[in-house]
Q: 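My structure is below; once you've seen it, I'll send some questions.
Sequential numbering from 1 along the given sequence is applied to the chain's residues.
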Amino acid sequence: MSSEPDSSRESSAELMDFIHRFLDRHEAAMEESETGLDVLMPERLIERLGTPEFIRLETGSGAVAALGSDAPSKQTFSIAYGSEFLERVLRLACEEVPLLSCQVDFHYLKSQGFDALIRECYQFKGGLARVDQWAKVLTHYAVLTCRYRAQSDEQKEGLCELALNLETGTHVPDLTSGLEAAARRFGQSSSALKGLSDSLRTVLGGLKQAAGGMVLRETAAFQESMNRKFRRDVLNLEEYYRSLEQEMRQSLDRSGLSDQLVQDRRAKIALIPEELARKKDDLFKKYSIRIAIVPCALLLVSTPAVKVLMTVAIGKKQKTISAFYNPITKTMDPLVCEGCRGSATRVDFCDQTHLLCPDCAGRCPVCRK
């Protein structure tokens, strides 16, 4: 006995459920019918999906562009797999980044030992830190799931997760793994996003750098493979042109060659370095790695934390720095470099006491000193 009809009905139900949720999200008016779903489309979907204002959706493939006999004003569209209407809906749905909110609860927060923890977590070059005060606060993190594609002679795709503190913008690499063990409640809250939209826009400025560094680590083996192939092909190319030049030079010693032929071959030999350089450049372009990173999901995490205010003595100067004790990771969040906005636990300072990561410490990008 075949189970295909049951599978087909289950597949149709899943498609209809997806379409129903998509239309509800875009505030379309819907009414169930015997054959499908009657829909009053909002103006923005009419423009994006290219439909009339009133449509009927059915799961059968034969419904494409047909007119409902009982409702001639409603154009009928199929939402079967592969249908043009479903493909348009999928493209529009994928343009949006899904949002989920998460509230983390802790019955106990660390209330002492911050001086020792700061010495353990941070290295202040030429500076000595002391804790002035601390306070329990509610802080927020954005966990972005990003899709990346590394493309060269071959292609590698994958997903990576980035956790960013919405107040400081620092990347917290261990937050997602620690989140799995914490007591948490999930929900969908558009109001949470509106309240944090300004902070989110600010930290997204550092997303490219943080995501780029993570993707470079994720694709290290792929990069090495492409570099190895590039070096191999360059060696083969050099060997080929070296042999070609040697053969052409040996041919000049043959008797009976006319002066014109000798000149032509010498001219070709002189062009070999230029041609070799051009071929190497072609190989470089072939094996160069282009990386594209696209956010595809967002989790807003709200958690109790401890905000620590400390003073760092740098010679005769002092600098006040705030940092967060993160109960999810059970350690201090990294600090943020004032030069590149990257995350740092090893910290240096310029003459104007700008907090700098090791890459920016040579010449401060802020004061150019």
Q: Give me the atom names and distance for the closest heavy-atom approach of Thr219 to Ala150.
A: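 Looking at all heavy atoms of both residues, the closest pair is CG2-CB, 4.1 Å.
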Q: Kindly say whether His26 contributes a backbone atom to a donor-acceptor pair with the side chain of Arg44 at under 3.5 angstrom?
A: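 Answer holds: yes.
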Q: Could I get the full list of side-chain contact (heavy atoms from CB on, under 4.5 Å) partners for Gln112, not counting sequence neighbours?
A: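 For Gln112, no residue satisfies side-chain contact (heavy atoms from CB on, under 4.5 Å) once neighbours in sequence are set aside.
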Q: Give a yes or no answer on whether the side chain of Lys317 reaches the backbone of Asp351 with a donor-acceptor pair at less than 3.5 Å.
A: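 Answer holds: yes.
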Q: Test your reading of the model: is there a side-chain donor-acceptor pair from Thr170 to the backbone of Asn165, 3.5 Å cut-off?
A: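 Side chain of Thr170 to backbone of Asn165: no pair is present.
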Q: Would you say Leu309 and Val131 make side-chain contact, with heavy atoms under 4.5 Å?
A: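 Heavy-atom side-chain distance check fails, nothing below 4.5 Å.
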Q: Okay, side chain of Ser258, backbone of Leu261: is any donor-acceptor separation there less than 3.5 Å?
A: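 Flag set: sc Ser258 to bb Leu261 pair under 3.5 Å.
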Q: Return a table of donor-acceptor pairs under 3.5 angstrom between the side chains of residues 283-297 and protein atoms on other chains or two or more places apart.
A:
unit_1	atom_1	unit_2	atom_2	d
Lys285	NZ	Asp281	OD2	3.4
Tyr287	OH	Asp233	OD2	2.6
Ser288	OG	Phe284	O	2.5
Arg290	NH1	Ser288	O	3.4

Q: Contact between Leu23 and Leu45 at the side-chain level, heavy atoms closer than 4.5 Å - yes or no?
A: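 In contact.
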Q: Within the 4.5 Å heavy-atom criterion, are Arg56 and Leu37 side-chain neighbours or not?
A: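 Contact flag for Arg56/Leu37 side chains = no.
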Q: So which heavy atom on Phe324 is nearest to which on Glu167, and how close?
A: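 Residues Phe324 and Glu167, closest heavy atoms: CZ-OE1, 3.2 Å.
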Q: Sequence neighbours left out, what passes side-chain contact (heavy atoms from CB on, under 4.5 Å) with Thr303? Give chain and number order.
A: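 side-chain contact (heavy atoms from CB on, under 4.5 Å) check on Thr303 returns Val104, Phe106, Thr139, Tyr141, Pro327, Ile328.
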Q: Can you list the steps and then say if Asp153 with Met226 is a side-chain contact (heavy atoms from CB on, under 4.5 Å)?
A: CA-CA 8 Å; Asp153 186 50; Met226 294 301 100; 4.2 Å; yes
Q: Is any side-chain heavy atom of Leu356 less than 4.5 Å from a side-chain heavy atom of Pro365?
A: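 Side-chain contact under 4.5 Å: yes.
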Q: According to a 4.5 Å side-chain heavy-atom criterion applied to Ile, Leu, Val, Met, Phe, Trp and Tyr, with indirect links allowed, do Leu179 and Leu159 form part of one hydrophobic cluster?
A: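 Unlinked, Leu179 and Leu159 end up in two clusters.
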Q: Going by heavy atoms in the side chains, are Thr145 and Leu162 under 4.5 Å from each other?
A: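 The answer is no, as the side chains (C-beta and beyond) never meet within the 4.5 Å cut-off.
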Q: In terms of side-chain geometry, is the basic nitrogen of Glu224 or Arg231 positioned less than 4.0 Å from the acidic oxygen of its partner?
A: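 The answer is yes: the pair qualifies as a salt bridge.
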Q: For Asp259, does the CG atom have more than 12 heavy-atom neighbours from other residues, nucleotides or ligands under 6.0 Å away?
A: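 At most 12 heavy atoms, drawn from other residues, nucleotides or ligands, come within 6.0 Å of this atom.
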Q: Would you say Ser343's side chain and Val336's backbone share a donor-acceptor pair under 3.5 angstrom?
A: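 Not confirmed, Ser343 side chain does not pair with Val336 backbone.
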Q: Has Gln223 got a side-chain atom pairing as donor or acceptor with Leu216's backbone, closer than 3.5 angstrom?
A: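 Checked: pair present.
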Q: Is there a side-chain contact between Glu53 and Glu43 in this structure, where contact means two heavy atoms from C-beta onward sitting under 4.5 Å apart?
A: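 No; the side chains remain at least 4.5 Å from each other.
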Q: Are Phe186 and Val143 linked, directly or through intermediate hydrophobic residues, by side-chain heavy-atom contacts shorter than 4.5 Å (ILVMFWY only)?
A: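 Yes, because Val143 and Phe186 connect within a single hydrophobic cluster, where side-chain heavy atoms sit under 4.5 Å apart.
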Q: Is Lys319 salt-bridged to Glu338, going by a charged N under 4.0 Å from an acidic O?
A: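 Judged by the 4.0 Å cut-off on N to carboxylate O distance, Lys319 and Glu338 do form a salt bridge.
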Q: side-chain contact (heavy atoms from CB on, under 4.5 Å), that's the test. Do Cys121 and Thr345 meet it? Break it down for me.
A: CA-CA 7 Å; Cys121 295; Thr345 55; 5.9 Å; no
Q: Working to the nearest 0.5 Å, report the span between CD1 of Ile19 and CG of Leu86.
A: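 Spacing of CD1 (Ile19) from CG (Leu86) equals 5.5 Å.
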Q: Donor-acceptor check, side chain of Asp24 to backbone of His20, threshold 3.5 angstrom: yes or no?
A: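 Between the backbone of His20 and the side chain of Asp24 there is no qualifying donor-acceptor contact (under 3.5 Å).
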Q: Can you list everything that forms a salt bridge (Lys or Arg N to Asp or Glu O under 4.0 Å) with Lys229? Sequence neighbours excluded, please.
A: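 Counting only residues at least two positions away or on another chain, Lys229 forms a salt bridge (Lys or Arg N to Asp or Glu O under 4.0 Å) with Glu154.
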Q: Which residue is it: Arg185, His140, Arg184? I am looking for the one with a side-chain hydrogen bond (donor to acceptor under 3.5 Å, both in side chains) to Ser302.
A: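 Result: among Arg185, His140, Arg184, His140 is the only option passing the side-chain hydrogen bond (donor to acceptor under 3.5 Å, both in side chains) with Ser302.
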Q: Which atom pair, heavy atoms only, marks the closest approach of Val172 to Pro334?
A: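 Here Val172 and Pro334 meet closest at CG2-CD, 4.4 Å.
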Q: Side chains of Tyr81 and Leu15: does their closest heavy-atom pair fall under 4.5 Å?
A: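 Heavy-atom side-chain distance check passes, below 4.5 Å.
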Q: Is the backbone N or O of Ala221 less than 3.5 Å from a side-chain atom of Ser225, with the two atoms forming a donor-acceptor pair by type?
A: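 Absent.
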Q: Any idea which heavy atoms bring Pro358 and Arg346 closest together, and the distance?
A: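 So the two residues come closest at CD-O, 3.3 Å.
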Q: Test side-chain contact (heavy atoms from CB on, under 4.5 Å) on Val312 and Gln318 and set out the steps.
A: CA-CA 6 Å; Val312 182; Gln318 291 187 336; over 6 Å; no
Q: If you count every heavy atom of other residues, nucleotides or ligands that lies below 6.0 Å from Lys110 atom NZ, does the total exceed 12?
A: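 Yes, NZ of Lys110 has more than 12 neighbouring heavy atoms, counting only those of other groups under 6.0 Å.
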Q: Say whether Glu157 and Tyr148, considering side chains only, have a donor N or O and an acceptor N or O under 3.5 Å apart.
A: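 There is no such pair (donor and acceptor under 3.5 Å, judged by atom type) between the side chains of Glu157 and Tyr148.
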Q: Can you name the closest pair of heavy atoms from Ala80 and Ser78 and give their distance?
A: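 That would be N-OG, 3.0 Å.
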Q: One pair to check against side-chain contact (heavy atoms from CB on, under 4.5 Å): Leu252 and Val262. What are the steps and the verdict?
A: CA-CA 6 Å; Leu252 293 175; Val262 169; 4.1 Å; yes
Q: Any carboxylate oxygen within less than 4.0 angstrom of a Lys/Arg side-chain nitrogen, looking at Lys156 and Glu218?
A: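 Result for this pair is no, no salt bridge flagged.
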Q: Show the numbers, then the answer: is there a salt bridge (Lys or Arg N to Asp or Glu O under 4.0 Å) between Arg249 and Glu245?
A: CA-CA 6 Å; Arg249 289 189 181 281; Glu245 181 179 359; 3.1 Å; yes
Q: Any salt bridge between Glu84 and Arg88, counting N to O under 4.0 Å?
A: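 Result for this pair is yes, salt bridge flagged.
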Q: Shortest non-hydrogen contact from Leu175 to Ala163?
A: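 Distance-wise, the nearest heavy atoms are CB-CB, 3.8 Å.
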Q: Check whether more than 12 heavy atoms from other residues, nucleotides or ligands sit under 6.0 Å from atom CZ of Arg266, and answer yes or no.
A: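 No, because the 6.0 Å sphere around CZ of Arg266 holds 12 heavy atoms or fewer from other groups.
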Q: Verify whether one side chain among Asp264 and Gln260 offers a donor that lies under 3.5 Å from an acceptor in the other.
A: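 Present: a donor and an acceptor within the cut-off.
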Q: Residues in ring pair (Phe, Tyr, Trp, His ring centres under 6.0 Å) with Phe85, at least two apart?
A: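 Only Phe77 meet the ring pair (Phe, Tyr, Trp, His ring centres under 6.0 Å) criterion with Phe85.
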Q: Show me the pairs that pass ring-ring contact (aromatic ring centres under 6.0 Å, His included) and involve residues 119-139, at least two apart or across chains.
A: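 Sorted result for residues 119-139: Phe114-Trp134, Tyr122-Phe124.
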Q: Just so I know, are the side chains of Val234 and Leu237 near enough to count as touching, which here means a heavy-atom distance under 4.5 Å?
A: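 Val234 does not reach Leu237 side chain to side chain.
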Q: Using the side-chain hydrogen bond (donor to acceptor under 3.5 Å, both in side chains) rule, pick out the option among Glu238, Glu239, Gln246 that qualifies with Arg242.
A: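 Answer to the side-chain hydrogen bond (donor to acceptor under 3.5 Å, both in side chains) test with Arg242 among Glu238, Glu239, Gln246: Glu239.
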Q: So which of Asp115, Asp132, Thr320, Ile321 actually passes side-chain contact (heavy atoms from CB on, under 4.5 Å) with Met310?
A: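 The single option meeting the side-chain contact (heavy atoms from CB on, under 4.5 Å) with Met310 is Ile321.
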